[in-house]
Every structure is written in C-alpha cells, then in structure tokens.
Amino acid sequence: MKQQDVIALTERYVARTYRRYPVCFVRGRGARLWDTEGREYLDFVAGLAVVNLGHSHPRVVEAIRRQAERLLHTSNLYHIEPQARLARLLCERSFADRVFFCNSGAEANESAIKLARRYFNLKGENRYKIITMESSFHGRTFFSMTATAQEKIHTGFGPLPQGFVYVPFNDVSALESALDSQTAAVMVEPIQGEGGVRLPEEGYLQRVREICNREGILLIFDEVQTGIGRTGTLFAYEQFGVTPDIMTLAKALAGGIPIGAMLATEEVMQAFGPGTHASTFGGNHLATEVAIEVLKTIQEEGLLENCQRMGEYLKRGLEELRGLYPFIRDVRGRGLMVAMELSMDAMPVVDECLKRALLVNATQERVLRFLPPLVIEKRDVDQMLSILRNVLDSFRAG
Ligand SMILES: *Cc1c(COP(=O)(O)O)cnc(C)c1O
C-alpha cells in the first residue's frame, strides 16, 4: 500500500487515541527503518524502548520462526517450558525469586499493585495505599493510570480507584509526610521515562528503601522502560545499590513481541496463590522463548558494554551542542536513555528531524528523548548528531 492510503485507512477506521506522524514503516534492520516509499530513516526511538536489539535482529527472527513452527500457545492450564526457563533466567539475574507473566507494562504494574494489596490483606493488616511520584508513568489501565501521577492522563475518567497518594519525585520529606498506617507500598521508576528522563538524586532511592524497611512496606520499581539493558545494566536498580521487593518489566523484554513480567521476592509473591491472578496470553511459548533469546543476545553480544560506551559518547555529543545553542537547557540520562531539555517546544524539532529522516521522540513538551537500539554504533551517533545540528541551526536562524 502507498503511505497516503494507509493514512487514509487509519483515519477512517482506527480509534483516534494517537497523534501519529505521517509516515508508515514497512521494513527495519538494526537502527534503520524504511517507509512505504523506500526512504531510509535513522531510528533513535526504537519503538519507544522496545526493540533494544534493533529491528529484525537475526537471533530474534530465528527464535520467532523456531518457536512458531513448534508451538505458540497452550494456556497456563499446563506447564510451559520456555516460561519456566525464562523465569529462572530473570531470577538468576535479579533480586527476585518468582515471576508472574502478562502482556504489557500496564498489566505488570496492575499485577504489582494487586500483589501489594493482597500481601497485607493476608497478613491481616489494613494497608492498601500506594504512594507514587509526580510525573511518573505506569500505564493506562484503571489502576496503572491512577498510579500515574499526571492529571492530564486522568481527565474525564473519574471516579478513579481509591488508595493512591502522590508526592514529588526526589523529595524524601514529602514521602515521609505522605506515609500513614494504611500505606502498603511506594512505587517508583528508578529513572522517570515519559516524565522526561528524570534521574534520582544521589542517595534518594536508598533513602526510599530505608523508609520502606522502617515502615514495613513494599518498594516497587517500575523498570518497564529502564529494564533490559536500556540504562547500561540489565536493570537500572543495579546502579543505585538498592533492591526492590517487586519489579515490573515489559517493553524490551521480548524484543518486540508483547510481554510483561512482575517479579517479586518469595515472601511477597506467596500472596498470589492458585486462582488469585491470571492472564490468558501471559508467558506463552512464543513470547517467553523470544525473551530468553533477547537476554542471551544482550549478554553474548556485549550489548550492556556497548550501551554504556555509546551512551557516554551520545551524551558527550549532546553536551557539545549545548555549548552552541542557548535554547538547550540540560542534557541528562543513563546508558541509552538520554534526554535534551529545551527552553522551547520540542515537537517542531522532532518534526524537522523526521523531515531529515531521523526519528527522535518528544516528551513533557520540552524534552527531546533519545532511545536508540543498544546495538547502535559510533557512526550512527555521529550521523544523528550531524542531522540534529542542522535542525537546531534552522531554529537558531528562525
Ligand atoms: C511504557 C511504560 C509503561 C506502560 O507500558 P504498556 O506496555 O504501554 O502498558 C509503564 N511504565 C513505564 C515506566 C513505561 O515506560
């Protein structure tokens, strides 16, 4: 189909929940995409931190083919070998002892909130409130949307479920004041993603952990975006010397095949017995086999090291630009989760980049977000910086 026909069909038949760029990709390889007209793009969005191995990585393609020929789905009425092996792999590489599988980040967070409530319910404690952070993002189901402390995401959907309390990110005393005898958990992204790549201040996450220990409440890390190598370690929490009680994953876990996972310690996951929670597709043969391949590939191809190296190189390049353009306010990030905050609207910059065949993302109005695949090379970063520089020049001139 021609691009214009795809756009017309979307406008006629698809729910209008997304503001889309007028482009339709049909093929990808590594950090490159091609549209219906055969034009090549450089991708610094990676499906919003989903295709961390790049587009159509041969090992992902082969894992999909192999598993599709063997078996796709049998349901959780029966045992599923790749699900069991993936759970072992995730536990061996993290703080966790057990994993619940689902299909998305929102669902993983929904599961985490349900688990926290049930954990205290079974202990006979009336603790059900979840404290979350302003500018957080946890998903769009009713509970995960309510956990998301951004008013614009709640508009028109009230009444919202009870039991959520919001505090500013990086504010320990606000957190202290928000605690009460009904608090069950604190839920936080180790680095806020959609909120504009906001990093925790030195010692903040440790303080949050100490408070949770003191109060006997649970710490939930939402690593849906920061997980699976994005920040230079398999999970971002490894860099902050803090372990949660519950962690959620999704996005990059199966390299583009839908999957979600909620990991917890043995003690906490005990609260989920048979019949308490479920997901038809959760942890099916295809998604979990591909996820195993993704984790192996990250290790065997040294992608964490590449992410750290390229992340530093990208940040240094963006820092250099900061010295040249007065409207660049800040450059920040970890690994290949990097942001450039502007003193003006970032959307027109994204539009100009798209015209020059570069994909970047804008969030929170003024933040340009860079989430390239972890397989990115130095010359890709150089090419991106050169395009971006041309674009920024056009804004200085105008
Ligand atoms: C994307 C995201 C979610 C939601 O994931 P979905 O798969 O879209 O439901 C939740 N938390 C964080 C931190 C995210 O970045």
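When a ligand or atom number is given, it counts from 1 through the structure's own listing order. Given the structure is predicted, the values throughout are model-derived calculations rather than measurements.
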Between [X] and [Y], is the ring centroid distance below 6.0 Å?
X    : Y    : answer
F395 : Y325 : no
F120 : Y128 : no
F164 : F143 : yes

Side chain to side chain donor-acceptor pair (under 3.5 Å) contacts in which one or both residues fall within residues 15-31, not counting sequence neighbours = none
task = Can you tell me which residues line ligand 1 if we count any heavy atom under 4.0 angstrom from one of its atoms, in chain and number order?
result = S104, G105, A106, N109, F137, H138, G139, E189, D222, V224, Q225, K251
message = Checking one residue: V6. Which other hydrophobic residues are in its cluster under the side-chain 4.5 Å linking rule?
response = M1, L9, Y13
Without placing hydrogens or testing angles, list every side-chain donor-acceptor pair under 3.5 Å for residues 338-348, not counting sequence neighbours.
| unit_1 | atom_1 | unit_2 | atom_2 | d |
| --- | --- | --- | --- | --- |
| E341 | OE1 | R332 | NH1 | 2.9 |
| E341 | OE1 | R332 | NH2 | 3.0 |
| S343 | OG | F327 | O | 3.4 |
| D345 | OD1 | M347 | N | 3.2 |

